[in-house]
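Written below as structure tokens is the structure these notes are about.
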Amino acid sequence: MTPPTADPTTVDTTRELAAFLRTRRERLDPRDFGLPSRRRSRRTPGLRREEVAELAGVSIDYVVRLEQARGLRPSADVVEALATALRLAPDERAYLFDLTRRRPRGTDRPATTAAPPLARLLTDLSPLPAMLMNHRYDILAWNGEMARLLVDFDTVAPAQRNAMWLCLMHPEIREFYVDRARVVREGVAHLRAAWAAHAEDRVLAGLIAEFIAGDEEFARLWAERDVKVNGRGHKVMRHPEVGTVAVHFELLTPLGDTDQRLMICRAADDESRSALDRLSGRTL
């Protein structure tokens, strides 16, 4: 039977923990653990629950109860053991700790406006395109170069100034990225990490519910439960004025404002540098 999909409007971390553990267990190859593939016929993919229990040093019943969302709250040691047994990547491990509420929490409230020093920094970063977001991908501030590269944010309703909303719903931005499938997949994986880290954020939960209802691609990717925090990366865009533009980006978290993310873009090649120069008016 297909496990129920966690409802992002309620952020039921117990159900999400159960589903996440199941999907990660089912992705593992028994041969990678030196387990005989024909010890018994395997009716389902991945490791069996008893195999995960043995690797993690817990009882089979404990793993069963976790995967059935029966209200257990594992200790930090057990979470670490499960993460090791399931061979979780660093972002997946952090996600598991967030779901179990075992990762130390920051005290910052969700940012809804740009911190003034960071807003001034955006101007200082010119001619590099830069913008400021919060954990929801809400766009709080930007410089002129970023507006000319992506979209005139002043023409976008404040409620829609969200990087994921623009990528999924904006008629121009939907076709803006050359490798749109990868951009959306990475964005969904990043948003899932934020969802677990901010389970109390009902605005974020509502945003995710809107995406699930309004975009089939988002709904499919969300159900896959991939988790990945993208601190840097590469994007290629089709700009209507200057043609193809490839950029590298960095996503930085200021120590004094930990719910704000500073995105800085720079050209990935000479042609893209020339294109960005034309956009910023630095060429005659």
Side-chain angles (χ1 to χ4, degrees), residues 8 11 13 90-168 170 173 183 186-208 210-211 227-235 247-266 280:
V11 195
T13 53
D91 290 334
E92 293 174 323
R93 177 183 175 279
Y95 184 68
L96 185 63
F97 270 81
D98 283 332
L99 289 176
T100 56
R101 298 295 175 264
R102 294 303 184 187
R103 187 158 71 155
R105 300 272 158 182
T107 57
D108 283 2
R109 297 173 62 86
T112 56
T113 59
L118 295 176
R120 291 192 293 271
L121 179 59
L122 293 175
T123 301
D124 294 339
L125 285 168
S126 177
L128 295 177
M131 65 182 177
L132 201 64
M133 299 179 288
N134 61 14
H135 68 270
R136 301 170 188 147
Y137 277 135
D138 292 336
I139 300 168
L140 308 178
W142 56 90
N143 61 15
E145 286 78 8
M146 183 62 83
R148 287 188 285 272
L149 176 62
L150 292 183
V151 66
D152 183 353
F153 297 107
D154 286 327
T155 67
V156 179
Q160 297 171 352
R161 287 178 195 158
N162 176 279
M164 182 59 75
W165 189 95
L166 291 172
C167 186
L168 295 174
H170 194 282
I173 301 298
V183 171
E186 290 179 352
V188 173
H190 191 117
L191 201 61
R192 179 170 279 282
W195 176 77
H198 300 271
E200 74 291 344
D201 187 348
R202 300 197 68 81
V203 175
L204 175 60
L207 192 64
I208 292 169
E210 177 186 351
F211 293 156
V227 183
K228 179 69 175 177
V229 176
N230 297 306
R232 62 171 51 94
H234 177 264
K235 294 181 180 180
V247 300
H248 297 302
F249 70 87
E250 295 282 341
L251 197 61
L252 309 176
T253 301
L255 290 176
D257 298 279
T258 56
D259 193 52
Q260 305 201 21
R261 283 87 170 110
L262 178 63
M263 173 178 274
I264 306 171
C265 298
R266 55 188 176 84
S280 65

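Throughout, numbering of the chain's residues begins at 1 and tracks the sequence.
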With sequence neighbours left out, the residues meeting salt bridge (charged side-chain N to carboxylate O under 4.0 Å, His left out) with Glu145 are Arg148

Got a sec, which pairs hit salt bridge (charged side-chain N to carboxylate O under 4.0 Å, His left out) with one end in residues 119-142, sequence neighbours left out?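 Qualifying pairs, neighbours excluded: Arg136-Asp138, Arg136-Asp201.
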
Note, [X] side chain near [Y] side chain (heavy atom, < 4.5 Å):
X: Leu122; Y: Leu262; answer: yes
X: Val183; Y: Cys167; answer: yes
X: Thr253; Y: Gln260; answer: no
X: Gln160; Y: Leu166; answer: no
X: Leu118; Y: Pro254; answer: yes

Please name all residues satisfying side-chain contact (heavy atoms from CB on, under 4.5 Å) with Ala94, sequence neighbours left out, ordered by chain then number. Arg103

Any residue meeting side-chain contact (heavy atoms from CB on, under 4.5 Å) with Leu168, in chain and number order, not counting sequence neighbours: Met164, Arg180, Val184, Phe211, Asp215, Phe218

Are the aromatic ring centres of Tyr137 and His190 under 6.0 angstrom apart? yes

So which of Asn162, Leu140, Asp259, Leu251 actually passes side chain to side chain contact (heavy atoms under 4.5 Å, CB included) with Met133?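 Of Asn162, Leu140, Asp259, Leu251, side chain to side chain contact (heavy atoms under 4.5 Å, CB included) with Met133 is met by Leu251 alone.
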
Using 30° and 60° as the class limits, which term best fits the ring planes of His234 and His248: parallel, tilted or perpendicular? tilted

Counting distance only, does the side-chain N/O of [X] pair as donor-acceptor with the main-chain N or O of [Y] below 3.5 Å?
X: Arg161; Y: Val156; result: yes
X: Glu186; Y: Val229; result: no
X: Thr100; Y: Phe97; result: yes

What pair of heavy atoms forms the shortest contact from [X] to [Y], and how long is it?
X: Ala199; Y: Thr13; answer: CB-CG2, 4.1 Å
X: Ala196; Y: Tyr95; answer: CB-CE1, 3.1 Å
X: Leu132; Y: Ala114; answer: CD2-CB, 3.5 Å

Sorted by chain and number, sequence neighbours left out, side-chain hydrogen bond (donor to acceptor under 3.5 Å, both in side chains) with Asn143 holds for none

Test of understanding: with side-chain hydrogen bond (donor to acceptor under 3.5 Å, both in side chains), list the residues that count as partners of Trp142, not counting sequence neighbours.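 Result, side-chain hydrogen bond (donor to acceptor under 3.5 Å, both in side chains) vs Trp142: none returned.
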
Calculate, to the nearest 0.5 Å, the distance between atoms [atom1] and [atom2] belonging to [X] and [Y] respectively.
X: Asn230; Y: Glu250; atom1: CG; atom2: CD; result: 11.5 Å
X: Arg192; Y: Asp98; atom1: CZ; atom2: CG; result: 12.5 Å
X: Cys265; Y: Leu149; atom1: SG; atom2: CG; result: 6.5 Å
X: Leu207; Y: Arg202; atom1: CG; atom2: CZ; result: 13.5 Å

Side chain to side chain contact (heavy atoms under 4.5 Å, CB included) evaluation trace for Arg266 with Phe249: CA-CA 6 Å; Arg266 55 188 176 84; Phe249 70 87; over 6 Å; no

Applying side chain to side chain contact (heavy atoms under 4.5 Å, CB included) to Leu125 and Ile264, what does each step give before you reach the verdict? CA-CA 8 Å; Leu125 285 168; Ile264 306 171; 3.9 Å; yes

For Ile208 and Leu204, run side chain to side chain contact (heavy atoms under 4.5 Å, CB included): C-alpha distance rounded to whole Å, both residues' side-chain angles, the deciding distance at 0.1 Å, then the answer. CA-CA 6 Å; Ile208 292 169; Leu204 175 60; 4.0 Å; yes

Mind running side chain to side chain contact (heavy atoms under 4.5 Å, CB included) on Arg261 and His135 for me, showing each step along the way? CA-CA 7 Å; Arg261 283 87 170 110; His135 68 270; 3.9 Å; yes

